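In what follows, a single structure is set out as C-alpha cells and then discussed.
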There are 2 protein chains.
Amino acid sequence: MALPDTRTKILDAAERLFAEHGYRGTSVRAVTDLAGANLAAVSYHFGSKAELLAAVARRVIEPITAAQCARLDEVLARTPDPPVAELVEAFAGPLFDEMPAGKESGARTSRLIVTILSDPAEEARGWTGPDEDTVRERYLAAFAHALPGLAPQELMFRMRGILAVTAVDRVEVYQQPSPGCVSPVAGEAARQWAITFLTAAMSAPPTRARQ
Amino acid sequence: MALPDTRTKILDAAERLFAEHGYRGTSVRAVTDLAGANLAAVSYHFGSKAELLAAVARRVIEPITAAQCARLDEVLARTPDPPVAELVEAFAGPLFDEMPAGKESGARTSRLIVTILSDPAEEARGWTGPDEDTVRERYLAAFAHALPGLAPQELMFRMRGILAVTAVDRVEVYQQPSPGCVSPVAGEAARQWAITFLTAAMSAPPTRARQ
DNA sequence: ATGTAAGTCAAACGTTCGTTTCAATCGAAT
DNA sequence: ATTCGATTGAAACGAACGTTTGACTTACAT
C-alpha cells in the first residue's frame with residue numbers, strides 16, 4: 001500500500017481537527033503538525049485555510065449525498081407512493097452510516113458536519129454544491145406526496161428537524177456524558193431510535209391554526 | 001430611566017456578538033467597542049473572556065430554566081399523570097418564549113444557546129449550574145411516567161431530540177435562507193410546528209430490537 | 001548530464017488576539 | 001478639603017495566528 005501523499009494527509013488531519021475543535025479552534029499549524037507536513041503545504045495545496053475547510057467538507061458530504069440519492073431511487077423503484085417511514089430511513093440512514101475517510105469511528109464524520117453547519121464563521125458556509133440542493137428537492141417532493149395537506153413551510157420545518165436530530169445526537173456522543181445521566185449510546189441503537197423518533201414526528205398530522 | 005452601567009452594557013454587547021459570531025469569532029475588543037466601554041473593562045468586571053461567556057450564558061439560561069420548572073409545577077398540580085403533549089409544551093415552550101435581556105427579538109436568545117451548546121471551544125462548557133440538572137431530572141421522571149415501557153437510554157435520546165429541534169430551527173432562522181427554498185418562519189408558527197413535531201416524536205412507541 | 005516543473009522546507013512577515021500595567025478620574029465618607 | 005476604594009483610560013505586553021517568501025530537493029523528460 002502506497003503512503004498517502006501530503007495533500008491526503010493534510011485532509012485527514014484537518015477533518016479530524018475541524019471535527020473536534022471547529023474551524024476557528026483549529027490552527028493551520030496544528031493541522032500540518034498532525035499531518036507531519038510543512039506549514040506552507042496548506043497554502044500550496046489548498047490556497048488558504050478556508051479552502052481547506054471546503055475541501056474537507058466536500059469530501060465528507062459527497063458520499064452521503066450520493067447514498068441519499070441512491071436510496072431514494074431504490075425506494076421509488078419499489079413503489080411510487082413510498083410511506084413516510086421509508087423516506088425517513090432513506091434520508092437519515094446515510095447520515096449515520098457513511099464514513100467517508102474510511103478509517104475511523106463514524107461518529108467523527110457527523111460531528112464534523114454539525115460543527116461545520118452550526119459554525120458561525122462565514123468561511124464554514126458556501127461550500128455546498130448543486131448536488132445537495134437536488135437531493136433535498138427530491139426528498140421534499142417525496143415527503144410532500146406522502147404527507148398531503150401539510151403546508152410547504154411546515155414540511156420545511158420538519159425536514160430541518162431531521163437534520164437537527166441526527167446532528168445534535170452525534171454531537172453529544174462526542175462530548176463527555178454529564179454526570180449522573182445515562183450516557184448516550186453510539187452506533188446501531190441510536191440509528192434505530194432516530195428512525196423511530198423521526199418517523200413519528202414526520203407522520204404527525206398538520207398543525208391546526210390556533211383556535 | 002437610568003443608564004445601564006458598564007457591566008450591563010458589556011453583557012448586552014457580548015450576548016449579541018457571541019450569538020452572531022460565536023465565542024471564538026468574537027474578540028474582546030469587538031465587545032467593548034459595541035458596549036462603548038474600555039478594553040480593560042472586561043478583565044476588570046469579569047476576569048477573562050471565558051468568564052464573560054459564562055456570565056452571559058447564565059443570564060440567558062436562568063429565566064428559561066425557571067419557566068420550565070414553573071410550568072411543570074402547574075401541569076403536575078392539575079394532574080399527577082400529565083400527557084406527553086403537555087410535558088412537551090411545558091419543556092419546549094420556554095425555549096421559544098423567553099427573551100431574558102428583554103430588549104430585542106427573541107430569536108437571538110436561542111441562537112446564543114445553540115451557539116454555546118454546539119461550540120467546540122472548551123470555554124463554552126462547564127457553566128451549567130445545579131438548576132439545569134434538577135429541571136432535566138424532573139422532566140425525565142415525568143416523561144418516564146408518561147411513557148412506560150421506554151428504555152431510559154431511548155428516553156434520553158428523545159430528550160436530546162427536543163433540544164435539537166428547538167435549537168437548530170432557531171439557528172436557521174438567523175441564517176439567510178438558501179436560494180430557491182422556502183424561508184423558515186419565525187415566531188408563533190414555528191413554536192406550534194415544533195410542539196406538533198415533538199409531541200408525535202416523543203409519543204412514538206418504543207423501538208423494538210432488530211428482528 | 002542538463003533543464004524544468006513540482007513539491008518541500010525553515011524562516012519571517014504583518015496582524016490580531018487576550019491580558020496586564022499604571023496613571024487618571026470619580027464619588028462618597030471623613 | 002482630603003482621603004480612599006472603585007472604576008475608567010491609553011498604551012503596551014507576549015503569544016499565536018494565516019500567509020508569504022525564497023532557497024532547496026526531488027523526479028523525470030530531454
Side-chain angles (χ1 to χ4, degrees), chain A residues 1-58 112 115-116 119-127, chain B residues 1-58 112 115-116 119-127:
Chain A
M1 47 181 288
L3 297 181
D5 58 359
T6 300
R7 193 187 142 91
T8 303
K9 287 193 296 185
I10 290 177
L11 278 175
D12 292 341
E15 177 178 324
R16 174 160 171 180
L17 293 175
F18 284 152
E20 288 176 2
H21 307 116
Y23 176 74
R24 295 196 133 113
T26 301
S27 70
V28 177
R29 282 169 177 83
V31 172
T32 52
D33 284 354
L34 181 61
N38 186 271
L39 174 61
V42 165
S43 288
Y44 179 78
H45 286 283
F46 300 94
S48 69
K49 183 187 178 185
E51 293 174 88
L52 170 61
L53 173 66
V56 169
R58 273 193 297 269
L112 172 67
T115 302
I116 292 176
D119 200 308
E122 321 76 45
E123 296 93 337
R125 258 169 287 285
W127 47 263
Chain B
M1 47 181 289
L3 297 181
D5 60 358
T6 300
R7 194 187 141 90
T8 303
K9 287 193 294 184
I10 289 178
L11 277 175
D12 291 341
E15 178 177 324
R16 175 161 169 179
L17 292 176
F18 284 152
E20 288 176 1
H21 306 115
Y23 176 74
R24 297 198 130 113
T26 301
S27 69
V28 177
R29 283 168 176 84
V31 171
T32 52
D33 284 355
L34 181 61
N38 186 270
L39 174 61
V42 165
S43 287
Y44 179 78
H45 286 284
F46 300 94
S48 68
K49 182 186 178 185
E51 292 174 89
L52 170 61
L53 173 67
V56 169
R58 272 192 297 269
L112 173 66
T115 301
I116 292 175
D119 200 309
E122 320 75 45
E123 296 92 337
R125 259 170 286 285
W127 49 263

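Because the structure is predicted, anything quoted here is derived from the model rather than measured. When reading the values below, keep in mind they use all heavy atoms of this one structure, side chains included, and skip hydrogens, waters and symmetry mates. Residue numbers begin at 1 in each chain, while the letters A, B, ... track the order of the sequences.
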Here the residues of residues 32-46 of chain A within 4.0 Å heavy-atom distance, strictly under, of DNA chain D are Leu39(A), Ala40(A), Ser43(A)
Gap between atoms [atom1] and [atom2], on [X] and [N] respectively (whole Å):
{"X": "Glu51(A)", "N": "dG18(D)", "atom1": "CD", "atom2": "P", "result": "14 Å"}
{"X": "Arg24(B)", "N": "dA16(D)", "atom1": "CZ", "atom2": "C1'", "result": "12 Å"}
{"X": "Leu53(A)", "N": "dT19(D)", "atom1": "CG", "atom2": "P", "result": "12 Å"}

Under the side chain to side chain contact (heavy atoms under 4.5 Å, CB included) rule, collect the residues that match up with [X], sequence neighbours excluded.
{"X": "Ala37(A)", "value": "Thr6(A), Ile10(A), Ala35(A), Ala41(A)"}
{"X": "Ser43(A)", "value": "none"}
{"X": "Ala57(B)", "value": "Ile116(B), Trp127(B)"}

The bend of the helix from dA1(C)-dT30(D) to dT30(C)-dA1(D), taken between the axes of its five terminal pairs at each end and rounded to 10°, is 10°
List every contact pair, protein side and nucleotides 24-28 of chain D side both N or O, where the distance is under 3.5 Å.
none

Item to check | Test log, rule side chain to side chain contact (heavy atoms under 4.5 Å, CB included), inputs Leu52(B) and Leu11(B) | outcome: CA-CA 8 Å; Leu52(B) 170 61; Leu11(B) 277 175; 4.1 Å; yes
Footprint ends on DNA chain C, 5' to 3', for atoms under 4.0 angstrom from a heavy atom of chain A, come out as dA6(C) to dA12(C)
Here the gap from Tyr23(B) atom OH to Arg24(A) atom CZ, rounded to the nearest 0.5 Å, amounts to 13.5 Å
Residues pairing under side chain to side chain donor-acceptor pair (under 3.5 Å) where one sits in residues 30-40 of chain A, two or more places apart or in two chains, turn out to be none
Residues 44-54 of chain B vs side chain to side chain donor-acceptor pair (under 3.5 Å), sequence neighbours excluded, gives Ser48(B)-Glu51(B)
Does a side-chain N or O of Ser27(A) approach OP1 or OP2 of dC17(D) to a distance below 4.0 Å, or not? yes
Would you say the side-chain atoms of Thr26(B) pair up with the backbone N or O of Leu17(B), donor to acceptor, closer than 3.5 Å? yes
